[in-house]
Amino acid sequence: MSRYSNKNAVITGGGSGIGFGMAKLLAEGGARVMITGRSQSALDAAREQLGQNVVAVRSDVSVLSDLDALADRVKDEFGSLHGLFVNAGITRTMPFASTTETEYDELFATNVKGAFFTVQRLAPLLSTGAGVVLTTSVANVMGMTDAGVYSAGKAALRSMTRSLARELLAQGVRVNAVSPGPIDTGTLEKTMTAAAAAEFKAERVAANPMQRFGTPAEIATAAAFLAFDATYTTGAELVVDGGATQL
């Protein structure tokens, strides 16, 4: 029997990067997985790579009607859930002095509001013993230039992890967080010039005790552990950063 046979899971932001790594690990392990995202083309490409155990649903976590529709789809497809990976988020750097209200609201709408209401809407479908995993970031404990809004949102998710863990105790559901450090997902190249991305990567590698970036697969392994194996752990944050914030 495969490791995750008879498990049903939802991964928001599962069409690329860390979310895709989570979906790949679980699907290869025999789980039935639903991935969501805002880009239909990215979802279609991911679905083709991931195979028959994966259902792709276009859904924007910042839009509550999308989350309501997602809950209905999950109920129809799976009935109940054993794992919920609240991973959808926007990574963006913005100079403090020129950050606009629109940029601020967009980040919080997806990274914070979206996470809260994803759990709220899908909580009734979580089975006893299920695990919820929120993707935070080491930015929530670091003072990083041009990342004040992003970092504040991730810190809010860390606090939310504790609150939701308390809220869902009576349901027999555990809530934890995985906190990635520098992970090579290709996102930097999409949000920066090639030169800026290369410079940023070199700086992060030089500063990291393990002298490298992590991989989506390494975050996926940690998240799956929290969701399915860490049965006496709730409200915790597992840092996966090569020791960057620990050493």
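Positions are given from 1 along the sequence. Given the structure is predicted, the values throughout are model-derived calculations rather than measurements.
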Q: When you group the ILVMFWY residues by side-chain heavy-atom contacts below 4.5 Å and let the links chain together, are Met22 and Val33 in the same group?
A: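 Yes, because Val33 and Met22 connect within a single hydrophobic cluster, where side-chain heavy atoms sit under 4.5 Å apart.
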
Q: Is there a donor-acceptor contact under 3.5 Å from the side chain of Asp60 to the main chain of Arg38?
A: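 Looks like no, no N/O pair under 3.5 Å.
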
Q: Which value, rounded to the nearest 0.5 Å, describes the distance between Phe225 atom CZ and Thr231 atom OG1?
A: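 If I round to the nearest 0.5 Å, the distance is 8.5 Å.
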
Q: Give a yes or no answer on whether the side chain of Asn176 reaches the backbone of Ala236 with a donor-acceptor pair at less than 3.5 Å.
A: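 Yes, Asn176 side chain to Ala236 backbone: donor-acceptor pair under 3.5 Å.
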
Q: Contact between Val132 and Arg174 at the side-chain level, heavy atoms closer than 4.5 Å - yes or no?
A: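 Counting from C-beta outward, Val132 and Arg174 never come under 4.5 Å.
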
Q: Rounded at 0.5 Å granularity, tell me how far OG in Ser179 sits from CG in Leu238.
A: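 Interatomic distance, Ser179 OG to Leu238 CG, rounded to 0.5 Å: 8.5 Å.
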
Q: Quick check: do Val240 and Pro180 have side-chain heavy atoms less than 4.5 Å from each other?
A: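 Contact flag for Val240/Pro180 side chains = no.
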
Q: Could you tell me if the side chain of Thr145 sits less than 4.5 Å from the side chain of Phe96, heavy atoms only?
A: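 When only atoms from C-beta onward are counted, Thr145 and Phe96 do not touch, as no gap falls below 4.5 Å.
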
Q: Looking at every heavy atom in both Ala115 and Leu157, which two are closest together, and how far apart are they?
A: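 What the structure gives for the nearest pair is CB-CD2, 3.5 Å.
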
Q: Do the side chain of Arg47 and the main chain of Gly51 share a donor and acceptor less than 3.5 angstrom apart?
A: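 Such a contact is found between Arg47 side chain and Gly51 backbone.
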
Q: Do the side chains of Asp184 and Arg212 get close enough for a salt bridge, i.e. N-O under 4.0 angstrom?
A: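 No, this pair does not count.
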
Q: What I want to check is whether the side chains of Thr100 and Thr102 have a donor and an acceptor closer together than 3.5 Å.
A: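 Short answer, no.
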
Q: Between Ser80 (side chain only) and Leu125 (backbone N and O only), is there a donor and an acceptor less than 3.5 Å apart?
A: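 No, because the side chain of Ser80 does not come within donor-acceptor range (under 3.5 Å) of the backbone of Leu125.
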
Q: Any non-hydrogen side-chain atom of Phe200 less than 4.5 Å from a side-chain atom of Pro182?
A: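 They are not in side-chain contact.
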
Q: Would Thr128 and Val173 satisfy side-chain contact (heavy atoms from CB on, under 4.5 Å), going step by step from the backbone distance to the final call?
A: CA-CA 6 Å; Thr128 301; Val173 171; over 6 Å; no

Q: To the nearest 0.5 Å, how far apart are CG in Leu164 and OG1 in Thr118?
A: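 Leu164 CG to Thr118 OG1: 10.5 Å, rounded to 0.5 Å.
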
Q: So which atom in Leu67 and which in Val61 form the shortest heavy-atom distance, rounded to 0.1 Å?
A: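 Between these two residues, the closest heavy atoms are CD1-O, 3.4 Å.
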
Q: Can you name the nearest heavy-atom pair linking Ala9 to Phe78, along with the distance?
A: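 Taking every non-hydrogen atom into account, O-CE1, 3.7 Å.
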
Q: Return yes if some donor-acceptor pair links the side-chain N/O of Thr110 with the main-chain N/O of Ser62 below 3.5 Å, else return no.
A: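 Here the side-chain-to-backbone pair does not exist.
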
Q: Is there a side-chain contact between Tyr150 and Asn111, using heavy atoms and a 4.5 Å cut-off?
A: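 Yes. Closest side-chain heavy atoms under 4.5 Å.
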
Q: Please confirm whether the backbone N or O of Thr135 pairs with a side-chain atom of Lys154, one donor and one acceptor, at under 3.5 Å?
A: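 At least one qualifying donor-acceptor pair exists.
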
Q: If we check side-chain contact (heavy atoms from CB on, under 4.5 Å) with Glu237, which of these qualifies: Asn140, Val138, Leu226?
A: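 That would be Asn140.
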
Q: Is it true that a side-chain atom of Thr245 and a backbone atom of Asp241 form a donor plus acceptor pair closer than 3.5 Å?
A: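 No, Thr245 side chain to Asp241 backbone: no donor-acceptor pair under 3.5 Å.
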
Q: Please determine whether side-chain contact (heavy atoms from CB on, under 4.5 Å) holds for the pair Ile35 and Val57, giving the CA-CA distance in whole Å, both sets of side-chain angles, and the decisive distance to 0.1 Å.
A: CA-CA 6 Å; Ile35 59 173; Val57 177; over 6 Å; no

Q: Quick check against the 3.5 Å criterion: does Ser151 have a side-chain atom that pairs as donor or acceptor with the backbone of Gly148?
A: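 No, because the side chain of Ser151 does not come within donor-acceptor range (under 3.5 Å) of the backbone of Gly148.
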
Q: Indicate if Leu168 and Val178 have the same hydrophobic cluster label, given that clusters are the connected sets of ILVMFWY residues with side-chain heavy-atom separations under 4.5 angstrom.
A: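 Not linked; separate clusters.
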
Q: Hey, does the side chain of Thr161 reach the backbone of Gly235 with a donor-acceptor pair shorter than 3.5 angstrom?
A: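 The answer is no, because no donor-acceptor pair under 3.5 Å joins these two groups.
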
Q: Going only through I, L, V, M, F, W and Y residues with side-chain contacts under 4.5 Å, is there a path from Ile183 to Val205?
A: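 No, Ile183 and Val205 fall in different hydrophobic clusters.
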
Q: Check this for me, if you would: do Arg162 and Glu167 make a salt bridge, where the nitrogen-to-carboxylate-oxygen distance has to be below 4.0 angstrom?
A: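 Glu167 and Arg162: not salt-bridged.
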
Q: Please report the C-alpha distance between Arg92 and Glu106 in whole Å, then the side-chain angles of each, then the deciding distance to 0.1 Å, and finally whether the side-chain contact (heavy atoms from CB on, under 4.5 Å) criterion is met.
A: CA-CA 10 Å; Arg92 188 169 299 161; Glu106 182 184 12; 2.7 Å; yes

Q: According to ring pair (Phe, Tyr, Trp, His ring centres under 6.0 Å), who are the partners of Phe108, at least two apart in sequence or on a separate chain?
A: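 Result, ring pair (Phe, Tyr, Trp, His ring centres under 6.0 Å) vs Phe108: Tyr104.
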
Q: Could you go step by step and tell me if Arg32 and Lys7 meet the side-chain contact (heavy atoms from CB on, under 4.5 Å) rule?
A: CA-CA 6 Å; Arg32 296 185 66 206; Lys7 300 292 187 186; over 6 Å; no

Q: CD/Glu199 to OG1/Thr193 distance, rounded to the nearest 0.5 angstrom?
A: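 With rounding to 0.5 Å, CD (Glu199) is 9.0 Å from OG1 (Thr193).
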
Q: Rounded to the nearest 0.5 Å, how far apart are CD1 of Ile219 and CG of Leu25?
A: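 It comes to 12.0 Å.
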
Q: Holding to ring pair (Phe, Tyr, Trp, His ring centres under 6.0 Å), I want the full list of residues that pass it with Tyr4, two or more places apart in sequence or in another chain.
A: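 Testing Tyr4 for ring pair (Phe, Tyr, Trp, His ring centres under 6.0 Å), a comparison that skips the adjacent residues, returns Phe228.
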
Q: Does Gln52 have more than 12 heavy atoms from other residues, nucleotides or ligands lying within 6.0 Å of its CD?
A: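 Atom CD in Gln52 is not crowded, with 12 or fewer foreign heavy atoms closer than 6.0 Å.
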
Q: Side chains of Val86 and Ile11, heavy atoms from C-beta outward: is any pair under 4.5 Å?
A: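 A side-chain contact is absent here, since even the closest heavy-atom pair is not under 4.5 Å.
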
Q: Do Val54 and Val133 sit in the same hydrophobic cluster, where Ile, Leu, Val, Met, Phe, Trp and Tyr count as joined when their side-chain heavy atoms come under 4.5 Å apart?
A: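 Yes; tracing contacts between hydrophobic side chains, which count when under 4.5 Å, links both residues.
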
Q: Using 0.5 Å steps for rounding, measure from the CG atom of Leu64 to the CZ atom of Phe117.
A: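 Interatomic distance, Leu64 CG to Phe117 CZ, rounded to 0.5 Å: 5.5 Å.
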
Q: Specify the closest pair of heavy atoms between Gly21 and Ala220, including all atoms of both residues, with the distance to one decimal.
A: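 Looks like O-CB, 3.5 Å.
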
Q: Locate the shortest heavy-atom distance separating Gly14 from Ala46; write the atom from each residue and the value.
A: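 Looks like O-CB, 4.5 Å.
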
Q: Using modelled atom types only, decide if a donor and an acceptor are shared between the side chain of His82 and the backbone of Asn8 within a distance under 3.5 Å.
A: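 Side chain of His82 to backbone of Asn8, a donor-acceptor pair under 3.5 Å: yes, one is there.
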
Q: Are Val112 and Leu70 connected in a single hydrophobic cluster, I mean Ile/Leu/Val/Met/Phe/Trp/Tyr linked by side-chain heavy atoms less than 4.5 Å apart?
A: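 Yes: a chain of side-chain contacts under 4.5 Å links Leu70 to Val112.
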
Q: Check whether any side-chain heavy atom of Asp105 sits under 4.5 Å from a side-chain heavy atom of Leu107, and report yes or no.
A: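 Of all side-chain heavy-atom pairs linking Leu107 with Asp105, none is under 4.5 Å.
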
Q: On a heavy-atom basis, which atom in Ala165 and which in Thr234 lie closest, and how many Å separate them?
A: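 So the two residues come closest at CB-OG1, 3.4 Å.
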
Q: Using a strict cut-off of less than 4.0 Å between a Lys/Arg side-chain nitrogen and an Asp/Glu carboxylate oxygen, indicate whether Arg121 and Asp66 qualify as a salt bridge.
A: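 Here Arg121 does not pair with Asp66 in a salt bridge, since their nearest N and O are not under 4.0 Å apart.
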
